[in-house]
Amino acid sequence: MSSVNKTEPVIVHAFINGEQYETDKRAPRENPSNPSEIVGYSPENTREDTIRAIDAASDAFKDWSQVSVTERIACMQRASEKIKAAIDDLGVLLAREHGKALYDAKGELTISTIWMDYACGIVQEEIKDRVHEDERGRVIVTHDPIGVVSAITPWNYPIILALVKVVPALLTGNTMVVKPSPFAPLTITKVIEMIASEFPNGVLNIVHGGSDVGSELTSNPKVGKIAFTGGTKTARHIMKAAADTIKNLTLELGGNDPGIVLEDFDVNDDRAIRRIVISNFLTGGQICMIAKRIYVHRSIYDQFVPRYIEAANKWIRIGDSLNPDVTVGPMNNEAQVKFVQSLIDDAKQRGSEIIPLGRILDKEVYDKGYFLQPTLVLGADNEDPVVVEEQFGPLVPIVPYDSEEQVIAEANDSIYGLTSSVWGEEEHAIRVARRIQAGVTMINTGGLPGFDIRFPFGGVKQSGMGREFGPGSFMAYVEKHVLTVPKSGELPYIPE
Ligand code: NAD
């Protein structure tokens, strides 16, 4: 992959109907570690380009939906092998365009191929016909693909959050148009091209762009399903756009995940404290499923806080995403830096204590890039924006609580309910976890380390609709079709 080079800008194109589709208008993508360096360019596609991609997917659906599952698996397996062979190069490109540290970028690509292989291994069983036969006759339930799927994805985990849609959608016989975020458009385009070239033309397409492209993908009558990951505010627009043609939706949205530290948590357990720090600051806190507010029982609060600061200062090493010593890179974009900084400023103004965490490895790099030093906020009230809002950055408040009832109420007092974590004696933590309103609650771990691709992932309340990952992910891309063959086919109460 000669184009994945440290200095030469990488130019990616839309990929429509099996070929690169070039446009004159291109958007630069800078390196968040050093914004004066352009990592590459992605196209600014138009509504017409998007219609072309949807039409290609719609035409391809006629044949692809009839292809055997075995053949679909073979295409996906070839694609997975290609990606595995390119992880080192793709990881560098992802770290450079995104800002996440190199180990983190390669980790995302690795999880993506694990997901591809896992899905290939179980799809046959999951979508095979279910046949029911008894004295009343025979019923066959088939799992039919929906049609053209629009996949719209965010910047924070651009590869896995696209592939969690692409893999089950294609394996179940759908065709697709993917639209990634302009804040991390390069690596995913290469990955989609690698996958698409193992499938018949038109089965998998990718376009780039803003609201014109987005609104076409969410309203075009030929699109049967929208799989979206991103902000709750954007999802409201998408639901409205999808309403006219009643599209099938899967929505994976924002969160403000609570982490609850119980009174029986062992503050002397170094590994457990380190895991809490990682549950806050992996990928610079720019993960939907990261603990965004920590509640600590007042009886251990005074011991917990200094231990937390010590662990954070040890684990967090801030710098250029390609520096192998770095654990936390820059933030992805300037607007997000400003937003998180505004939450810190607001907390300070309200009288909270602001504690910078971690070590800046190179001040010169830090001053140039979209860096924000990871920050701990103490003394915030539960109503303060730093506690209530999804910060999506390297910032976390720690708030003391007095009783279990109180902390459960505070944890649940949110429009969101994505993930959460409970830390303490295992059975006690599980009892508390059962009362948290969330799609996932992790015990004595949090964020990515507590995530398991084999189980459903998603949120409750305004954190989303539907689930991704796990065997159930295929059901999000099929329609159950019931074929009934009753023995009599008649009803006794219908008169002759
Ligand atoms: P975003 O909502 O701003 O953008 C997501 C995608 O939607 C991008 O591709 C964007 O270009 C596109 N888009 C924007 N407006 C659109 C419109 N009107 N119609 C169609 N598409 C449109 O989100 P973001 O800033 O890229 O990502 C951060 C958000 O994503 C956070 O809220 C985070 O919690 C959430 N997220 C959720 C999960 C999850 O699994 N629940 C995972 C990762 C991120």
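Each ligand, and each atom within it, is numbered from 1 in the order the structure gives. These numbers come from the heavy atoms of this one structure, side chains and all, not from hydrogens, waters or symmetry mates.
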Note down each nitrogen or oxygen pair, ligand 1 side and protein side, whose separation is under 3.5 Å; give only atom names and the distance to 0.1 Å.
{"from": "ligand 1", "atom 1": "2 (O)", "to": "Gly231", "atom 2": "N", "distance (Å)": "2.8"}
{"from": "ligand 1", "atom 1": "2 (O)", "to": "Thr234", "atom 2": "OG1", "distance (Å)": "2.6"}
{"from": "ligand 1", "atom 1": "9 (O)", "to": "Thr153", "atom 2": "O", "distance (Å)": "2.7"}
{"from": "ligand 1", "atom 1": "9 (O)", "to": "Lys179", "atom 2": "NZ", "distance (Å)": "3.2"}
{"from": "ligand 1", "atom 1": "11 (O)", "to": "Lys179", "atom 2": "NZ", "distance (Å)": "2.9"}
{"from": "ligand 1", "atom 1": "23 (O)", "to": "Gly231", "atom 2": "N", "distance (Å)": "3.4"}
{"from": "ligand 1", "atom 1": "25 (O)", "to": "Trp155", "atom 2": "NE1", "distance (Å)": "3.1"}
{"from": "ligand 1", "atom 1": "26 (O)", "to": "Trp155", "atom 2": "N", "distance (Å)": "3.4"}
{"from": "ligand 1", "atom 1": "30 (O)", "to": "Gly230", "atom 2": "O", "distance (Å)": "3.4"}
{"from": "ligand 1", "atom 1": "32 (O)", "to": "Glu390", "atom 2": "OE1", "distance (Å)": "2.8"}
{"from": "ligand 1", "atom 1": "34 (O)", "to": "Glu390", "atom 2": "OE2", "distance (Å)": "2.5"}
{"from": "ligand 1", "atom 1": "41 (N)", "to": "Leu253", "atom 2": "N", "distance (Å)": "3.2"}
{"from": "ligand 1", "atom 1": "41 (N)", "to": "Leu253", "atom 2": "O", "distance (Å)": "2.7"}

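Pairs engaging residues 411-421 under the side chain to side chain donor-acceptor pair (under 3.5 Å) rule: Asp257-Thr419, Ser420-Thr441, Ser421-Trp423 [sequence neighbours left out].
Here the closest heavy-atom approach between residue Trp64 and residue Cys75 is recorded as CH2-SG, 4.3 Å. Of all heavy-atom pairs between Tyr477 and Val164, the closest is OH-O, 4.5 Å.
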Please list, one pair per line, the donor and acceptor atoms closer than 3.5 Å that link side chains of residues 145-155 to other protein atoms, with sequence neighbours excluded.
{"from": "Ser150", "atom 1": "OG", "to": "Leu217", "atom 2": "O", "distance (Å)": "2.8"}

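Remark: the Lys165 side chain and the Thr229 side chain contain an N/O donor-acceptor pair separated by less than 3.5 Å.
Residues satisfying the ring pair (Phe, Tyr, Trp, His ring centres under 6.0 Å) test with Tyr308, not counting sequence neighbours, are Phe304.
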